[in-house]
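These notes are about the structure you will find just below.
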Number of protein chains: 2
Amino acid sequence: MGNSRVTVREIARLAGVSVATVSRVSNGTGQVSEEMRRRVLEAIEKYGYRPDHLGRALAARRHGALGLVFPGLSGPYFTELIQGFESEAVPARASVHILCTHLREDSDDQVLEMARRVDGVAVVGGTISEPTLLRLAETVPVVVLAGRGLETVPAVSVDNAPAMTTLTRHLLVDHGLRDLVFVGNPDGSPDVSERWAGFQNAYHELDLAPPTEPLRLAMQQHDGVLAAERLLGGDGPAPQAVVCANDELALGVLVGALGRGLRVPEDLVITGFDDAPMAALVSPPLTTVRQPVRELAAEAARLILNAVDAPGVAPDGIVLPTEFVVRRSCGCPAGSPTGGTGK
Amino acid sequence: MGNSRVTVREIARLAGVSVATVSRVSNGTGQVSEEMRRRVLEAIEKYGYRPDHLGRALAARRHGALGLVFPGLSGPYFTELIQGFESEAVPARASVHILCTHLREDSDDQVLEMARRVDGVAVVGGTISEPTLLRLAETVPVVVLAGRGLETVPAVSVDNAPAMTTLTRHLLVDHGLRDLVFVGNPDGSPDVSERWAGFQNAYHELDLAPPTEPLRLAMQQHDGVLAAERLLGGDGPAPQAVVCANDELALGVLVGALGRGLRVPEDLVITGFDDAPMAALVSPPLTTVRQPVRELAAEAARLILNAVDAPGVAPDGIVLPTEFVVRRSCGCPAGSPTGGTGK
DNA sequence: ATGGTGCCTGAAACCGGTTTCTGTTAACCG
DNA sequence: CGGTTAACAGAAACCGGTTTCAGGCACCAT
């Protein structure tokens, strides 16, 4: 019944028609008489024929698949990313290939290899080298997801720097804090780099002396705990506020601070970035910046799908707006207003 | 240069050889004289030829791809799952297709459609209907990931029930607690169903009256916060302990409890399942069950890859052991010993 | 009756590889 | 020197679809 070994020619033979007719019926293209159509559909039904994807893809010179490349899969950010991408790709009848370059040394090769199996690729910013990105773009449409694009490679990202400037200004001006520490590695990803730039920019705008060097760590919760150890560990004075490059770090710092008996925000202010689900749930809830991660990835998928259909035109990049979310971890009372940073 | 429009026949023409020879050289199969090889390699190099994946796959009747199907992407569990699967597939030169059936009504169709693009599929338990699973298994090798297998479909899973029995017994016997509530929906996934069974079994083993009905909720952190609201909200007495179906729920309950001014474990005992990264970081650290999620998914990938190479033989399922991790949220002092539940 | 016009249909070419099978050549043997 | 064999190259078939193109046929107007 559901045997997948049945081919067009077989169905054609059994229905007593040509393969062209079978193809026409199974695709609904061209003109086919009622009688022929009936015979073919009957045979298709009876033998459970379904056209082979490879044959079809080869003829159409299109894979019906999109690729998504990211460094590793940590935390809520990437799950949102994948889901956003997938939610846009699947309805367009494109399957989703994923590749975590994560710790593999030959990842550039693998990205290039993936490019031969898909119609387009989204690469998370900072994942692969620029030369590889360019070579990739020669083969298939590419967009950079959360990062900076190139001449020929559009990017979709959020307004990281302005958002971080808004958040930092809030701490410096509205709360009168001075001794802030930025946690996150600006060299680790374009996102963090931009956030660090936005952080510095707030100081610059207010004619303050530049901030201290960032505490360069990875982006996971246990790195935040590590940050708390370093910053609150004893030697040297603790900062007034810890501005984290994402919510996971902030959550880790929060755990570390509370575990040391500090009160947040009274003894230490902590802020995040992303507005992960947990950010609103912890106590005190986290002041952070909401970014539309799902929408970002969906936009990337759409961009690629368009580029596949209309090759040649290199679309512009997209910058999505974020929203500054004021909660209690910055020292604001419960129920403060929130404000967007605008587009 | 890197033009991907170059075909075997073109290279053959340019090198003045036959396509067969080009194919032999590019695959390293068969016998080719030094002179021919040199000419071919030269042309390949010069025109940047790389064999098309579709043509190759069609001829080989193999996709070089594996599918991974899960309901939705929430929390650390699924990121681990994907990474484990991917880490095993990619070195075997198989790309990874993902599909979140998540909220789409026609997901069964999409799973069947995916089956036509891959050599094998891993399906997370409880994701698709049994009839669909059976039809899927007629097409490609399938394994169920974290769930129960069928006659023809092997499963890889962990010893959920014994592990939960061990944990529950610990609360009932070592801590003398009686009033436990299980949080999680046994109908939601095979994993939860088995954990609930293990929970009940501990009562049974000790000749206690059966526990109260489970609090049926989804598996995310905010569901845990919800659980805390329901259980600690005022009307009706609060339980002594909340046994959660996974760590995310437990973390949510913890946040909710602490937010209400309760002390954990003095006023309320909370336990989880999974040993997510955050479980050890919160205060108090979570007593839970560690399960080797990555290894589980890697095992599934291996099983499928083997089934692809040696079709016909239906391999046995695999049950991986878990480890009971005693931390402080159950009431044990810091630094208690931990014990595995064995295989 | 003749020529023109649409509508259907199927043979064959094509997508881009791999593989079998046949034939040539050179080396080796007695 | 004739015969066997191994090494190598290429033509053609194949994988499973789609699409072009030419032809058959019915119908209509002249």
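Naming convention: chains lettered A, B, ... in sequence-line order (proteins, then strands); numbering from 1 in each chain. Hydrogens, waters and symmetry mates are skipped; everything else that's a heavy atom, side chains included, is used. If you're wondering where the values come from, they're calculated on a predicted model, not measured in any experiment.
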Please enumerate all protein N or O atoms sitting under 3.5 Å from an N or O of nucleotides 18-25 of chain D, with distances to 0.1 Å.
from	atom 1	to	atom 2	distance (Å)
dT18(D)	OP1	Asn27(A)	OD1	3.3
dT18(D)	OP1	Asn27(A)	ND2	2.7
dT18(D)	OP1	Arg56(A)	NE	3.2
dT18(D)	OP1	Arg56(A)	NH2	3.3
dT18(D)	OP2	Ser23(A)	OG	2.6
dT18(D)	O5'	Ser23(A)	OG	3.4

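Checking Leu54(A) against Arg37(B), the closest nucleotide of DNA chain D that is more toward the 5' end is the one next to Arg37(B).
Distance, Met36(A) CE to dC8(C) P: 12 Å, rounded to whole Å. One can place CZ of Arg61(B) at 18 Å from P of dA13(D), the figure rounded to the nearest angstrom. Computed from coordinates, the Arg13(B) CZ to dG10(D) P distance equals 15 Å when rounded to whole Å. dG16(D) atom P lies 11 Å from atom NE2 of His63(B), rounded to whole Å. Protein atom CZ of Arg116(B) is 11 Å distant from nucleotide atom P of dG16(D), rounded to whole Å. As a whole-Å value, the separation of Asp52(A) CG from dG16(D) P is 7 Å. The CD-P distance, from Glu10(A) to dG16(D), rounds to 10 Å in whole Å. The interatomic distance linking Ile11(B) (CD1) with dG10(D) (P) rounds to 15 Å, in whole Å.
For Glu295(B), the side chain to side chain contact (heavy atoms under 4.5 Å, CB included) partners are Pro292(B), Glu299(B), Arg302(B), Leu320(B), not counting sequence neighbours. Under the side chain to side chain contact (heavy atoms under 4.5 Å, CB included) criterion, Pro91(B) pairs with Arg104(A), sequence neighbours left out. For Glu151(B), the salt bridge (Lys or Arg N to Asp or Glu O under 4.0 Å) criterion is met by no residue, not counting sequence neighbours.
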The dot-bracket string of DNA chain D, counting Watson-Crick and G-U wobble pairs with both distances under 3.5 Å, using [ ] for crossing pairs and | for pairs to another strand, is ||||||||||||||||||||||||||||||

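Legend: side-chain hydrogen bond (donor to acceptor under 3.5 Å, both in side chains) pairs involving residues 68-80 of chain B, not counting sequence neighbours, sorted by first then second residue: Glu80(B)-Arg294(B). The salt bridge (Lys or Arg N to Asp or Glu O under 4.0 Å) pairs that include a residue from residues 123-132 of chain B number zero, where partners must be two or more places apart or lie in different chains. Within the structure, side-chain hydrogen bond (donor to acceptor under 3.5 Å, both in side chains) contacts touching residues 56-67 of chain A (residues at least two apart or in different chains) are Asn27(A)-Arg56(A), Arg62(A)-Asp309(A), His63(A)-Asp119(A).
Side-chain atoms of Leu296(A) and Val158(A), non-hydrogen and from C-beta on, do get closer than 4.5 Å to each other.
Glu34(A) has no carboxylate O lying under 4.0 Å from a charged side-chain N of Arg38(A), or vice versa, which leaves the two without a salt bridge.
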Which donor-acceptor pairs under 3.5 Å do side chains of residues 8-18 of chain A form with protein atoms, sequence neighbours excluded?
from	atom 1	to	atom 2	distance (Å)
Ser18(A)	OG	Ala20(A)	N	3.4
Ser18(A)	OG	Thr21(A)	N	3.3
Ser18(A)	OG	Thr21(A)	OG1	3.3

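When each of dA11(C), dC8(D), dG16(D) is scored by its nearest atom to the side-chain atoms of Ser33(B), the top-ranked nucleotide is dC8(D). For Thr7(B), whose side chain is taken as the heavy atoms from C-beta onward, the closest listed nucleotide among dA9(D), dG16(C), dC15(D) is dG16(C).
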